[in-house]
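One structure is given here, and the rest of the page talks about it.
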Amino acid sequence: MTAPTPELLDALAHPDDEEVAALDAWWRANNYLTVAQIYLQSDPLLRRPLTSDDIKPRLLGHWGTSPGLSFVYAHASRLIDRTGQQMIYLAGPGHGGPALVAAGYLEGTYSEIYPDVSQDEAGLVRLCRQFSAPGGIPSHVSVPTPGSIHEGGELGYVLVHAFGAVMDNPDLIALAVVGDGEAETGPLEGSWKGISFLNPARDGAVLPVLHLNGAKIAGPTVLARKDPREVRSLLEGHGYEVIEVGGDDLPGMHHRYAEAFAHAWGRIRSIQADARGGDWDGERPRWPLIVLRTPKGWTGPKQVDGQQTEGTWRSHQVPLSGVKGDDAHLAILDEWLRSYRPEELFDADGAPSALVRSLNPSGDLRMSANPHANGGLLTVDLDLPDFRDYAVDVAEPATLRLESTRKLGELMRDIYRRNPSTFRLFCPDETNSNRLGAVFEASDRAFAETVFPDDVALSHDGRVMEVLSEHNCHGWLEGYTLTGRHGMFATYEAFAMVSASQTIQHSKWLQEADHLAWRAPVPSLNVLLTSTAWRNDHNGFSHQGPGLIQNVITTRGNIGRVYLPPDANCLLSVADHCF
């Protein structure tokens, strides 16, 4: 890999008039389809004035975050098309689902996967009617959404999924949009530290975009109301190079964001080129991060019923909630939709126009078609040693005592050696405590921060993932397996409940993916619970919590299974089965 040339970066940073026209057309088309999905059940091309019969009987969806999500998507597509960069898109504010569905539709991927949602007027009708409807698709960036490995319904996990996706994935950038409401959650606050565990010579990169649009569902967000200098200091303290873009003027925002995005991509590629060319000095790189400030509900109605809507929490979901039977609101919706000039965006048949399609990358480079977001397509089975080679020789029953997980550690040590880029252990600061320490014979712990001479099994080249956060460990493994690799999350049983909601969310993802033929099966998310005995001689009552089993055992057997191996040899057999 080489760093991008100054000429390429300059061209990316300064789009010409034709490129800006394509960016703006694609973005307007996405915004138009987003609004149409929320409101319309007929006449999706506005061939006549809207009537009450064209409006859905029940209005559901989220508008407020969607224009920001599609704005970022448009600019990423332009860069991918110009550079061939492998990139996937993770929408932290997953309730902006209609924007990502629209993106897949404009890229053509949606119609390839779902032929009934064709690129014509009939397909547009189906696209709109299926959204947030019984038997249709959810309002979130969910499993049926092409290009998604992150639903975002339960906020807080976008960065951990993104970091897991790029580990051992050197050519991939995970573009992770963090909503400012999401940024208030505990898991997200704890996940900025992912850059402390990336190796630029071996791993890909995460490009966070903190989208500060100012409001949650019913009030302001903390980071949006802070002094921007405090926000910058916070993120710089986490180790990022902060790039700020803000406004609502057009085409000015296209020019400013293109420059910021080009700079961020150039920094990522330069960091990686230095590391892979032998010029890395071992210090953790200062990875780029973009802070994007735009109005919530950007390009939507400025005011509704005399109240400010754009830029406030009132645009969060459905800004015009009483359209059916309200002529005044119906007129505002008609004006809103026509403001995107759909006659320029769709041809006579209803397909996206040539100008809109000109922004799309080709084939698998489209973010909605990238195989990393359908990781089963890339999965390679592990090269597993024979677990019987690690068995304990038991001459007669009940004569030997052994900590079972010590043998599992030996098995995993050799899995590490035989699979140097497709297997990782994720664990809070408990690998040795869990008696899995044999893995350190094959790999150190990963750490991109300062390493001292007296540190043990800790290095920039390590691939054992230890961080004192169950959310990070669980989420990293999710991103790792959803992009086609294998691993295990090991934790004390009581502390598995810290991330139990993630386990449930992941099981729901797998359940829905099982219904979709185009979703290739991904490797299992393996969870090892330790410290399970009901004893009070050490940690006592605080470490007694079998709740995760109670949650997982309610899933169907093809989604979640619980194994209770009673000894070391049974554990080896179970681990072999799970891996």
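Residue indices begin at 1 and follow the sequence shown.
Inspection of the E466 and T431 side chains reveals an N or O donor paired with an N or O acceptor under 3.5 Å. Looking at S524 and N526, their side chains do bring a donor and an acceptor atom within 3.5 Å of each other. Donor-acceptor pairing under 3.5 Å is recorded for the side chains of E154 and S501. A donor-acceptor contact closer than 3.5 angstrom is absent between the side chains of E151 and W509. Side-chain contact of E470 with Y492: a donor-acceptor pair under 3.5 Å is absent, judged by distance alone. Side chains of Y110 and T145: a donor-acceptor N/O pair is absent below 3.5 angstrom, by distance only. Side-chain contact of Y563 with H577: a donor-acceptor pair under 3.5 Å is present, judged by distance alone.
Aromatic pair Y416/F423: ring centres closer than 6.0 Å. You'll find the ring centres of H75 and F261 outside the 6.0 Å limit. Here W476 and F489 keep their ring centres 6.0 angstrom or further from each other.
Remark: E430 does not engage R435 in a salt bridge, criterion side-chain N to carboxylate O under 4.0 Å. A salt bridge links E441 with R413: the closest approach of a Lys/Arg side-chain nitrogen to an acidic carboxylate oxygen falls below 4.0 angstrom. Between R463 and D168 there is a salt bridge, since at least one side-chain N of the basic residue sits less than 4.0 Å from a carboxylate O of the acidic one. Look at R519 and E512 and you find no salt bridge, because none of the NZ, NE, NH1 or NH2 atoms lies under 4.0 Å from a carboxylate O. Using a 4.0 Å cut-off between charged nitrogen and carboxylate oxygen, D203 and R424 count as a salt-bridge pair.
Counting non-hydrogen atoms of other residues, nucleotides and ligands closer than 6.0 Å to CG of L402 gives a total above 12.
Ring geometry for H474 against H506 counts as perpendicular: the plane angle is over 60°, on a 0 to 90° scale with 30° as the lower cut.
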